[in-house]
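The structure appears below as C-alpha cells.
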Amino acid sequence: MKNKPVLFLSLLICLSSNAREIVIKSPDKNLKATIVLSDKVMAKVCDNDRELFTIDRISLITNCGSIPAEQVRLKKVQRRTVNSTIVPVVKEKRAIIPEIYNEMILNFSDNSSIIFRLYDNGFAYRIVTNFSRELTIKEESAIYSFDSNAKITYQQDHSPNSNCERPYVHKLAGEWGAEDMGNLPILVELPSSKRLLFLESDVQDYPYMWLKGGVQGDMKMFQWNCPKDYNIYDINVNQDVTRVKQVVSRYDYIAKVQGSRAFPWRIMAIANNDIDLINCQLTYLLASELKITDTSWIKPGWVILDWWSRYGIYGVDFESGVNTETAKYMIDFVKEFGMQYYLFDLGWAYKNSLIKTTPKLDMDEVMRYAQEKGVGIMLWVASALLDEQMEIAMDQFEKWGIKGLKIDFIDRSDQDVSRFCRRVAEEAAKRKMILNFHGIYIPDGIRRAYPNVLTREALMEFEYNGFSDFVTPDHDCTLPFIRNVAGPQDYIPGTMMNATKKNFRQNNDTPMSQGTRVHSMAMAVISESPMQMLPDAPTLYYEEEECGRFLTRIPVEWDETKPLQGKVGDYVAIARRNGDEWYVGAITDWTPRKLILDFDFLDAGKNYTIELFRDGPNASKMAVDYVKEIGNVQKGKRMEIDMAPGGGWLARIY
C-alpha cells in the first residue's frame with residue numbers, strides 16, 4: 001500500500017447539554033453524515049443536504065446492557081483523512097484500488113467506540129469494544145428508514161438454513177412489514193434516482209447481517225441466534241450420497257465474543273444511478289488486510305466441473321462417469337483449451353470418507369496424469385463432512401496434490417458457520433489450496449485477508465435451469481448491480497445449450513440456459529469472478545469449437561472495468577481490460593434491444609481489431625444462432641448493437 005500523508009486529529013470534547021450533533025463529510029463534500037447523540041446513537045446521511053436515509057438505535061444489546069450505554073458520555077472524537085491505493089493480490093475489477101475516505105471515531109466513557117467512514121460512494125460504521133470480560137451479544141440494533149416510495153429489490157427469505165439462493169423480488173419501502181425479510185445485498189432505489197446498497201465487511205467470529213420489516217416501512221438489522229442442536233444426516237443427490245448439517249434449535253443470543261474487538265462494518269453503498277454501483281469495492285476496502293505471506297501460488301482461472309459434464313460425453317471409447325478414464329479425458333480438454341483446473345464434483349469420495357475415492361477412480365494415477373499435463377485438480381466437498389474430518393482430509397488432499405476445493409451445503413449465516421469458513425480459509429492457505437464456497441452467505445471481504453478464497457455462490461446461478469425457470473435474462477441483468485457488487489460470484493457462464501423463452505425446458509442432467517448463445521457467452525464478461533466454471537461436457541465445446549475457444553480465452557482478472565450502460569433487471573453493457581486487450585459484454589432481458597456503444601475507453605491514436613459475436617438473424621427462434629465478425633475500431637467510434645430477446649453481444653478488442 002502506498003499512502004499519501006495522513007492527517008490524524010485527536011480532540012477532547014466537553015459537550016454542553018445541547019451540543020449533540022457531530023458531522024462528517026465525504027472527501028468530495030457531497031455526502032454528509034450527522035451523528036446525533038441522545039439516549040441512543042443515530043446517524044442521518046444526506047446528499048447535498050437532501051436526506052437519503054437514517055439509522056437509529058445503533059448499539060449492541062448484551063448481557064452487560066446496551067453498548068454504547070444509554071445516555072453515555074462522549075469522551076473524545078478522533079478524525080482522519082486517508083488518500084491511498086491498494087494493490088489486490090487477485091484483480092477483480094481493477095489492478096489498483098483507490099482508497100479515499102474521511103473517518104471519525106466517537107470514543108465513549110463506557111470503553112466503547114463507533115467508527116464512521118464516508119467515502120464519495122458510501123457510508124460505513126462499526127462498533128468497537130474494549131472490555132476485559134467476555135460478551136454475550138443478544139442483538140445488534142439498527143433501524144433503517146427511507147422514503148416510503150423507495151423501491152426495494154431483495155431475496156425474500158425466512159430460513160435459518162438458507163443458502164442465500166432466492167429469486168429477487170420488488171416491494172416499496174412503505175409496504176415492508178414484519179413478514180418481509182431477506183439476506184444482503186439489498187438494493188434501495190430512491191425516488192430521487194439515488195441508489196443505496198446494503199453490504200457488510202470484515203465479519204469475523206460473528207453472524208451475518210439480514211434485514212427484516214419493522215414499523216411503517218422501516219428495516220431493522222437481524223442475525224440468526226447461535227446454534228444449539230443440529231440434525232446431521234445423509235441425503236441422495238442424483239444417486240450420490242452426501243451429508244448435510246441443519247440447525248434444529250438455538251440459544252437466545254447471536255454470539256459469544258471476546259470483550260475487546262471490532263465488530264463488522266455496516267455499509268451503505270451510494271450511487272447516482274444503476275451503473276455507478278458496478279465499480280463499488282467497499283466490501284473489499286473495509287475488510288481485514290492480507291494474512292498470507294506468500295501468495296505466489298494463488299492462480300485464478302477457468303475450471304470445468306464434472307457435475308453435468310459426465311452426463312453429456314459421447315463419441316468416446318469409455319463409459320463416462322466418476323472414473324479414471326473420464327478424468328483423463330477432462331484433463332486433456334482443460335489442457336487443449338488453455339484452462340487451468342478440473343473439478344471432481346459430488347461422487348468422487350467413497351461412502352463419505354474424504355480420504356478414499358470411489359473404486360473406479362485411481363486418484364494417484366489421475367494426479368500423475370494431471371501434473372504431467374500441467375492441470376490443477378479440485379475437489380467438491382460437503383461442509384458437514386469437511387467439518388468432521390478437517391485435519392485428516394486436508395492432509396490427504398495435500399498429499400494427493402489437490403489445488404483447490406469447492407465446499408458446498410454450508411447453508412447458514414450464524415456465528416458457528418462464520419468460524420468454520422475462516423478456519424477452512426486458513427487451513428487451505430497453509431496447504432496452498434484455492435477455495436470456492438457454495439451454499440453460503442454473500443462475500444464479506446474474507447478474500448482480502450485470504451485471497452485463496454477466489455469465489456462463491458450466494459446467488460441463483462446456471463444450475464437452477466435444471467429444475468426451475470428462475471434464472472432468466474432479467475435475473476442475469478440484475479446480478480451486476482446487486483450480488484456482484486459484494487464480490488465475485490460463481491455464475492457458471494458459457495453453456496452451448498441455449499433456449500428461447502418458448503423452447504426452454506428443465507433438465508437436471510443437461511441443463512440449458514434461458515437466452516441466446518451470445519447472452520450466455522457474454523456472462524463470462526458481465527459476471528465477475530476470478531474463477532469461472534464451464535458447465536457443459538467437453539463434447540459440446542469440441543463441436544462448438546469457435547465459441548468454446550473464444551470463451552476460455554476470456555480473462556478472469558481485470559486491470560480496469562468500465563460500466564457502459566445499464567438498468568437493473570433490463571440490460572447491462574460492461575467493458576473490461578486485461579493488459580492491452582479489452583473485452584466488452586452486453587446482455588438484455590426478454591425485451592429485444594438496440595444499444596449504442598461508445599468506444600471512448602480505447603486509447604487515442606491506435607487502431608484496434610475487434611472480434612465480436614452477436615445474435616444471429618434467427619436467434620429469436622433458435623437461441624443457438626450467432627454471427628462472428630472481425631473488423632476495426634478506434635477511440636470515439638460509436639456502434640449500434642442489436643440484441644434478440646434474451647440476447648447478448650460480446651467482443652474482444654486488441
salt_bridge([X], [Y]) N-O dist < 4.0 Å:
X	Y	value
Arg73	Asp110	no
Lys194	Glu189	no
Glu560	Arg576	no

Should the pair Lys562 and Phe601 be classed as cation-pi, given the thresholds of under 6.0 Å to the six-membered ring centre and 45° from the axis?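 Here Lys562 fails the 6.0 Å and 45° test against Phe601.
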Nearest atoms (heavy-atom pairs only) where [X] meets [Y]:
X	Y	value
Asn102	Pro27	ND2-N, 3.5 Å
Lys93	Asn484	NZ-O, 4.1 Å
Glu457	Ile440	N-CG2, 4.3 Å
Arg448	Leu286	NH1-N, 4.5 Å
Ile152	Tyr154	CG2-CD2, 3.8 Å
Arg456	Ile442	NH1-O, 3.3 Å

If you draw a 6.0 Å radius around [atom1] in [X], do more than 12 non-hydrogen atoms from other residues or ligands fall strictly inside?
X	atom1	value
Asp28	CG	yes
Lys40	NZ	yes
Lys403	NZ	no
Lys220	NZ	no

Please answer whether the main-chain N or O of Ile554 pairs with a side-chain N or O of Trp302 as donor and acceptor at a distance below 3.5 Å. yes
Side chain Arg250, main chain Asn225, donor-acceptor under 3.5 Å: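 At least one qualifying donor-acceptor pair exists.
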Out of Ile434, Asn436, Ile377, which one pairs with Tyr341 under the side chain to side chain contact (heavy atoms under 4.5 Å, CB included) rule?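 Among Ile434, Asn436, Ile377, the one that satisfies the side chain to side chain contact (heavy atoms under 4.5 Å, CB included) with Tyr341 is Ile434.
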In this structure, which one of Ile67, Ile114, Thr129 forms a side chain to side chain contact (heavy atoms under 4.5 Å, CB included) with Phe263?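 Considering Ile67, Ile114, Thr129, a side chain to side chain contact (heavy atoms under 4.5 Å, CB included) with Phe263 is found only for Thr129.
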Donor-acceptor pair between Tyr450 and Glu426 side chains, under 3.5 angstrom: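 Short answer, yes.
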Applying ring-ring contact (aromatic ring centres under 6.0 Å, His included) as the test, list every pair that has at least one member in residues 417-447; sequence neighbours left out.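 Pairs touching residues 417-447 that pass the test: Tyr208-Tyr441.
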Set out, in order, the CA-CA distance, both residues' side-chain angles and the distance that settles side-chain hydrogen bond (donor to acceptor under 3.5 Å, both in side chains) for Gln489 and Thr455, then state yes or no. CA-CA 6 Å; Gln489 61 180 29; Thr455 194; over 6 Å; no
Could you tell me which residues satisfy side-chain contact (heavy atoms from CB on, under 4.5 Å) with Glu134, sequence neighbours excluded, listed by chain and number?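 Glu134 satisfies side-chain contact (heavy atoms from CB on, under 4.5 Å) with Lys256 only.
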